[in-house]
Amino acid sequence: MILKELLKDYELFVAVFSITYIIFYILLAILSYFAIKKHINAKYFIHDDVLLKSNYIPGVSVVAPAFNEGANVVFNVKSLMSLNYPKYEVVLVNDGSTDDTLEKLIKEFELIKIDFYYQEKIPTKTVRGHYKSTNPIYSKLLVVDKENGKSKADASNAGINSTKYPLFLCTDVDCILKNDTIIKLAKPFIESERRVIATGAGIRISNSCEVKEGFLVKIHFPKGWYPRFQELEYVRAFLFGRMAWSQLNSLLLVSGGLGMFDKEIAVEAGGYWHKSLGEDMELITRMRKYMYEKKLDFAVKYIPESLCWTEVPATREILIRQRVRWARGLIQTLNLHKDVFFNPKYGRTAFLIFPYFFTFEFLVPILELIGVIVLILSFIFLNVNYEAFLYLTLAVYFFYLNITIISILLDDLLYKHYTSMKEIFILILTAIIEPIFYHPVNVYASLKGYYHFFRQKEQAWGNMQRQGFNIEKK
């Protein structure tokens, strides 16, 4: 009797939770619509070419950590050095790679070790040296060689310490950036009345894309199943979720693959935490806390344009490894900054953002597991209304499917990334089977990440085993 009551209470809780989640997501979708519309209307308020010719344009340092990236490193450095911006440098950090990453860089870019005035404003593992090219063509390139810090955060901090400009753009060395990426991300820093402390933009999947000498020649949707599923994730997350949070000035996550930061604030906040497994979210959290504590008005902006293409995990094994790290990073950040929760000093971060991430990001995988157990027990011990259960399941499924299809079509309408309707149709078919074949893998990885966190199992940055790009032949 007690078990039956508990099962009924949990079913009611799940129903209320699900309805709340759907309502919240609808609100985010509405906010995202207005944010995208606002961005499009203001897109040409100040033309990019006017800013590029300005004498007051801020300098930008592109920081790209690299760990065992020999497969792609030459192509990606060429891409980073070909961006359209008059005042920038590329700071590539070799984080103690055990492959031929550094050797390839030295050979391709004619590098020599130099005397460099290095100030360790943020503590890192030992920096072994700085390299510059003897070829004037590569004068913008600075390579930092350091001992492995077992995290992207430590490598990024060494790069920040080595930069010379007031803004830094942190990316992954396997990323290929759109030619106008820097000006797009720097624009909010120039135009906003508030002090912008960080900006981010959309990231897309480079798997199966054609690349020539560091440039995207042709964009394709990924051929592999797991990259296709991640394409759907990226479109939904960047086009809907993050635009909505940007509209509320409540962004807590600027992707580690593409984010521009105010160096002064980032350094004052302590830089990336070297033990973090979710360094992007954790840094934004500390930067927000720093601004609140100093009582300074600030903004974190997001741009609804795809400016970066990156290779994502192509196999289930590597995907799970990545998502376990992400899950640990989430709970690690929430736990480290638990003093933020409902603390009036931290404004909407305390009363909106942190409660959202705890409830709808951290708790959801746990509730899904409990839900499966409860469902099985309900079928055994209760007289379940199968028809009502089927209708509820279909309602949730079609809500998800509608959101995903709208995201795909809106993305194609705005940015025309796909070459044919066939690719869009295949993505929609992928969305239909995503909850069955892909979502359970994510839930498993999240639960495994939580387990590792509470067991305090060590996890380093890790090797993503890049496959390299589909290189177009001349």
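Worth knowing before you read on, the calculation uses all heavy atoms, side chains too, and leaves out hydrogens, waters and symmetry mates.
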Next on the checklist: His337 and side-chain hydrogen bond (donor to acceptor under 3.5 Å, both in side chains): which single residue from Arg286, Arg288, Glu282 fits?
Outcome noted: Glu282

Checklist entry - Hey, are Lys187 and Asp180 close enough for a salt bridge, meaning a charged N less than 4.0 Å from a carboxylate O? => result no

Next on the checklist: Between the side chains of Asp172 and Lys152, is the shortest nitrogen-to-carboxylate-oxygen separation below 4.0 Å, so that they form an ion pair?
Outcome noted: yes

Next on the checklist: Would Thr430 and Phe229 count as a side chain to side chain contact (heavy atoms under 4.5 Å, CB included) here? Give the steps.
Outcome noted: CA-CA 7 Å; Thr430 305; Phe229 287 131; 3.4 Å; yes

Checklist entry - On the ring face of Tyr346, is Lys289 found with NZ or CZ under 6.0 Å from the centre and within 45° of the axis? => result yes

Next on the checklist: Salt bridge check, Lys263 against Glu268: does any charged N sit closer than 4.0 Å to a carboxylate O?
Outcome noted: no

Next on the checklist: Salt bridge check, Glu434 against Arg236: does any charged N sit closer than 4.0 Å to a carboxylate O?
Outcome noted: yes

Checklist entry - Do Leu334 and Phe362 come within less than 4.5 Å of each other through their side chains, counting heavy atoms only? => result yes

Next on the checklist: Parallel, tilted or perpendicular: which one describes the rings of Phe238 and Tyr302, with boundaries at 30° and 60°?
Outcome noted: parallel

Item to check | Spacing of CG belonging to Leu251 relative to OG1 belonging to Thr349, to within rounding of 0.5 Å | outcome: 10.5 Å

Next on the checklist: Does Arg228 qualify as a cation-pi partner of Trp225, given the criterion of NZ or CZ under 6.0 Å from the six-membered ring centre and within 45 degrees of its axis?
Outcome noted: yes

Next on the checklist: With salt bridge (Lys or Arg N to Asp or Glu O under 4.0 Å) as the criterion, how do Lys125 and Asp154 come out once you've worked through the C-alpha distance, each side chain's angles and the decisive distance to 0.1 Å?
Outcome noted: CA-CA 7 Å; Lys125 286 287 186 177; Asp154 191 74; over 6 Å; no

Item to check | Ring centres under 6.0 angstrom apart (Phe354, Phe342) | outcome: no

Checklist entry - Okay, side chain of Ser206, backbone of Glu311: is any donor-acceptor separation there less than 3.5 Å? => result yes

